[in-house]
Colleague: 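There's a structure below that I have some questions on.
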Amino acid sequence: MLLVLALGCSSRTEGPPRDPQATRAPDLVDVASLDPTLELDVRYATANNFVGRPVYPAGTRVWLQRPAAEAVVRAHRRLGQYGYGLVLLDGYRPWSVTRLFWEITPPAQRAYVADPAQGSRHNRGCAVDVTLYDRTTGRLVGMPSEYDDFSGRAHPDYEGGTPEARARRELLRLAMENEGFTVYPAEWWHYDCDGWEQWPVLDVPIETLGR
């Protein structure tokens, strides 16, 4: 499913920042609809997240701009040869949620959340949070840190944890980078798609997508 969005007018203080170079029309896709073997674990639709309460509606899907969604599917299928698949944790995130995250995060930990004055690549539908599951058991695999760990353990170059966890983290990174994604320096699970700057920062409610 896709959605082409028309952006209304708002000022920087009233809503998301405007980027005059972001001229590509949004085309948000339900990523898991492209391959039913992708798994979903949307933590922000539950209380199992750093906020401690849901910030998305129950049953929220993961949405991305179409090129990013198709690249995720290719990475997922590439991982199949190693016995793994992708779990989608988050994708498009409304700007108002990014503002909430910023407001509740202590200043010392704000390297792990986006500044709403700039907007997030999640807000553009061009960032995805992912981890791996074992295709034999269907279970999440261990990584060097948990999702939304606000510490050095979350960094993609963290040298602690078990060798097996680090090897899985590197396999995930290789699969995503081969499809044009770049890992965020503070979060092993966060990947930005190539060309993210072409799309605008959005504040479209998730529950309206696909209608």
Side-chain angles (χ1 to χ4, degrees), residues 1 3 5 15-17 26 28-34 38-65 68-69 72 75-76 85-106 109-133 139-151 153-156 169 172 176 181 183-193 196 199-211:
M1 300 174 69
L3 181 71
L5 305 171
L28 291 169
V29 178
D30 174 357
V31 186
S33 71
L34 302 181
L38 284 160
E39 295 287 340
L40 293 174
D41 186 8
V42 184
R43 305 288 178 87
Y44 296 129
T46 73
N48 183 22
N49 59 64
F50 81 97
V51 181
R53 62 178 174 83
V55 294
Y56 295 162
T60 290
R61 310 285 288 179
V62 171
W63 298 78
L64 291 172
Q65 302 295 351
V72 165
H76 170 67
L86 287 178
V87 180
L88 308 179
L89 301 165
D90 198 17
Y92 165 69
R93 180 183 302 159
W95 176 82
S96 56
V97 175
T98 292
R99 182 175 59 184
L100 169 68
F101 287 176
W102 181 262
E103 291 171 349
I104 68 174
T105 300
Q109 294 183 317
R110 282 181 173 169
Y112 299 95
V113 296
D115 184 346
Q118 303 298 320
S120 166
R121 293 166 195 180
H122 279 291
N123 304 151
R124 298 173 187 253
C126 296
V128 63
D129 294 346
V130 289
T131 189
L132 297 176
Y133 75 91
R139 296 178 180 174
L140 289 176
V141 302
M143 290 293 195
S145 82
E146 295 297 321
Y147 180 54
D148 269 353
D149 183 317
F150 286 9
S151 77
R153 293 186 298 271
H155 294 192
R169 181 191 65 194
L172 171 62
M176 295 297 286
F181 288 93
V183 70
Y184 181 61
E187 298 172 342
W188 60 259
W189 57 82
H190 175 123
Y191 287 87
D192 298 318
C193 75
W196 59 265
W199 282 275
V201 174
L202 302 172
D203 197 22
V204 178
I206 284 182
E207 60 268 29
T208 68
L209 299 179
R211 291 182 181 175

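What you see below is based on every heavy atom in this structure, not just the backbone, and it leaves out hydrogens, waters and symmetry mates. Computed from a predicted model, the values in this text were never measured in an experiment.
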Colleague: Would you say Asp203's side chain and Trp95's backbone share a donor-acceptor pair under 3.5 angstrom?
Modeller: yes

Colleague: Between Tyr44 and Phe50, how do the two ring planes meet: parallel, tilted or perpendicular, split at 30° and 60°?
Modeller: perpendicular

Colleague: Using the side-chain hydrogen bond (donor to acceptor under 3.5 Å, both in side chains) rule, pick out the option among Asp129, Asp192, Thr98 that qualifies with His122.
Modeller: Asp129

Colleague: When you measure from the centre of the six-membered ring of Trp196, is the NZ or CZ of Arg124 under 6.0 Å away and within 45° of the axis?
Modeller: no

Colleague: Counting heavy atoms not belonging to Glu207, are there more than 12 under 6.0 Å from its CD?
Modeller: yes

Colleague: State the CZ-CG distance between Arg93 and Leu202, to the nearest 0.5 angstrom.
Modeller: 13.5 Å

Colleague: About how many Å separate CG of Leu172 and CG of Leu86, when rounded to the nearest 0.5 Å?
Modeller: 6.5 Å

Colleague: State whether the side chain of Asn49 and the backbone N or O of Arg53 hold a donor-acceptor pair below 3.5 Å, judged by distance alone.
Modeller: yes

Colleague: Before we go on, tell me: are the rings of Phe101 and Tyr112 under 6.0 Å apart, centre to centre?
Modeller: no

Colleague: Do Thr46 and Asn48 get their side chains close enough for a donor-acceptor pair, meaning under 3.5 Å?
Modeller: no

Colleague: Testing Val72, Val31, Asp30 for side chain to side chain contact (heavy atoms under 4.5 Å, CB included) with Val62, which one passes?
Modeller: Val31

Colleague: Run the side chain to side chain contact (heavy atoms under 4.5 Å, CB included) test against Tyr184 and tell me which residues pass, sequence neighbours left out.
Modeller: Ala186, Glu187, His190

Colleague: May I ask you to check whether over 12 heavy atoms, not counting those of Arg110, lie within 6.0 Å of atom CZ?
Modeller: yes

Colleague: Indicate yes or no for a side-chain donor-acceptor contact from Tyr92 to the backbone of Val204 under 3.5 Å, with no hydrogens or angles considered.
Modeller: yes

Colleague: Just how far is it from atom CE of Met143 to atom CH2 of Trp188, taken to the nearest 0.5 Å?
Modeller: 4.5 Å

Colleague: What are the two closest heavy atoms between Arg61 and Ala32, and how far apart are they?
Modeller: NH2-CB, 3.6 Å

Colleague: Can you name the closest pair of heavy atoms from Trp199 and Cys126 and give their distance?
Modeller: CE3-SG, 3.5 Å

Colleague: Out of curiosity, Leu89 CG to Asp41 CG, how far, rounded to the nearest 0.5 Å?
Modeller: 5.5 Å

